[in-house]
Amino acid sequence: MRRLPYALQGLLFVPALIALIFVLKAFCPESSGEGCFADYFATPIFLPLVIIYKLFGGNSAALGQEFLFILLYWAAIGFLLGFILDLYTRRSQYSPEQRPPV
């Protein structure tokens with residue numbers, strides 16, 4: 001059985017990780033007084049929303065789809081990182097065979 005290329009693994013893994021962080025934040029008890037584990041990831045996850053607010057302004061129909069934009073943005077980032085790893089682990093630029101990462 002062949003493994004999935006790293007590009008597809010990144011395309012699937014990173015949005016799943018973002019969704020897991022959303023679920024962890026949803027089940028975080030507010031009464032604890034300290035912060036949640038998921039709070040540390042909130043700023044990096046939502047930082048791409050600045051792009052939407054700068055491009056479309058404050059009153060646009062695109063602003064209702066922030067969650068979709070976040071998932072698609074991080075899916076694209078995961079795909080690119082996996083694609084770079086796929087290219088890095090190739091034996092040569094002319095060989096389609098993969099070598100294991102070092």
Side-chain angles (χ1 to χ4, degrees):
M1 184 170 163
R2 291 189 58 195
R3 66 162 185 82
L4 283 174
Y6 291 123
L8 292 179
Q9 288 179 11
L11 182 69
L12 299 173
F13 174 73
V14 175
L17 181 67
I18 299 299
L20 176 68
I21 291 172
F22 281 141
V23 168
L24 288 174
K25 182 62 182 164
F27 290 115
C28 179
E30 292 284 330
S31 62
S32 66
E34 301 105 33
C36 294
F37 176 71
D39 289 341
Y40 299 111
F41 299 104
T43 301
I45 287 174
F46 290 107
L47 196 59
L49 284 179
V50 174
I51 297 169
I52 282 193
Y53 295 137
K54 292 290 183 185
L55 287 177
F56 297 111
N59 50 3
S60 175
L63 294 180
Q65 305 296 326
E66 288 100 349
F67 183 72
L68 180 63
F69 176 76
I70 291 293
L71 285 180
L72 290 177
Y73 175 82
W74 287 109
I77 295 297
F79 177 79
L80 288 175
L81 290 175
F83 186 67
I84 290 169
L85 189 61
D86 277 337
L87 292 177
Y88 175 74
T89 58
R90 206 177 274 179
R91 280 180 209 238
S92 76
Q93 62 185 10
Y94 303 109
S95 174
E97 297 179 20
Q98 299 286 331
R99 65 178 177 178
V102 178

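Keep in mind it's a predicted model, so treat the numbers as computed, not measured.
Side-chain contact between Leu85 and Leu81: absent, with no pair of heavy atoms (C-beta onward) separated by less than 4.5 Å. The side-chain heavy atoms of Ile45 and Ile21, taken from C-beta on, include a pair separated by under 4.5 Å.
A side chain to side chain donor-acceptor pair (under 3.5 Å) check over residues 8-17, counting only residues at least two apart or in different chains, returns nothing. Residue pairs satisfying the salt bridge (charged side-chain N to carboxylate O under 4.0 Å, His left out) criterion with at least one member in residues 6-17, sequence neighbours excluded, are absent.
Tracing side-chain contacts under 4.5 Å through hydrophobic residues (I, L, V, M, F, W, Y), one reaches Tyr53 starting from Phe46; they form part of the same cluster. Hydrophobic cluster membership is shared by Leu17 and Ile70, with clusters built from Ile, Leu, Val, Met, Phe, Trp and Tyr side chains linked at under 4.5 angstrom. At a threshold of 4.5 Å between side-chain heavy atoms, the hydrophobic network of Ile, Leu, Val, Met, Phe, Trp and Tyr places Phe69 and Phe79 in two separate groups. Hydrophobic clustering of Ile, Leu, Val, Met, Phe, Trp and Tyr side chains at less than 4.5 Å, counting indirect connections, keeps Leu72 apart from Trp74. Neither Tyr88 nor Leu11 shares a network with the other; the hydrophobic side chains, linked directly or stepwise wherever heavy atoms of I, L, V, M, F, W or Y lie under 4.5 Å apart, form separate groups for each.
Of the inter-residue distances, the one linking Tyr73 atom OH with Leu47 atom CG reads 7.5 Å to the nearest 0.5 angstrom.
Of all heavy-atom pairs between Gly10 and Pro15, the closest is O-CD, 4.0 Å. Nearest heavy-atom pair, Cys36 versus Lys25, reported as atom, atom and distance to 0.1 Å: SG-NZ, 4.4 Å. Closest approach of Pro5 and Asp86 over heavy atoms only: CB-OD2, 3.5 Å.
Within 6.0 Å of atom CZ in Phe83, 12 or fewer heavy atoms from other residues, nucleotides or ligands are found, so the atom counts as exposed in its surroundings.
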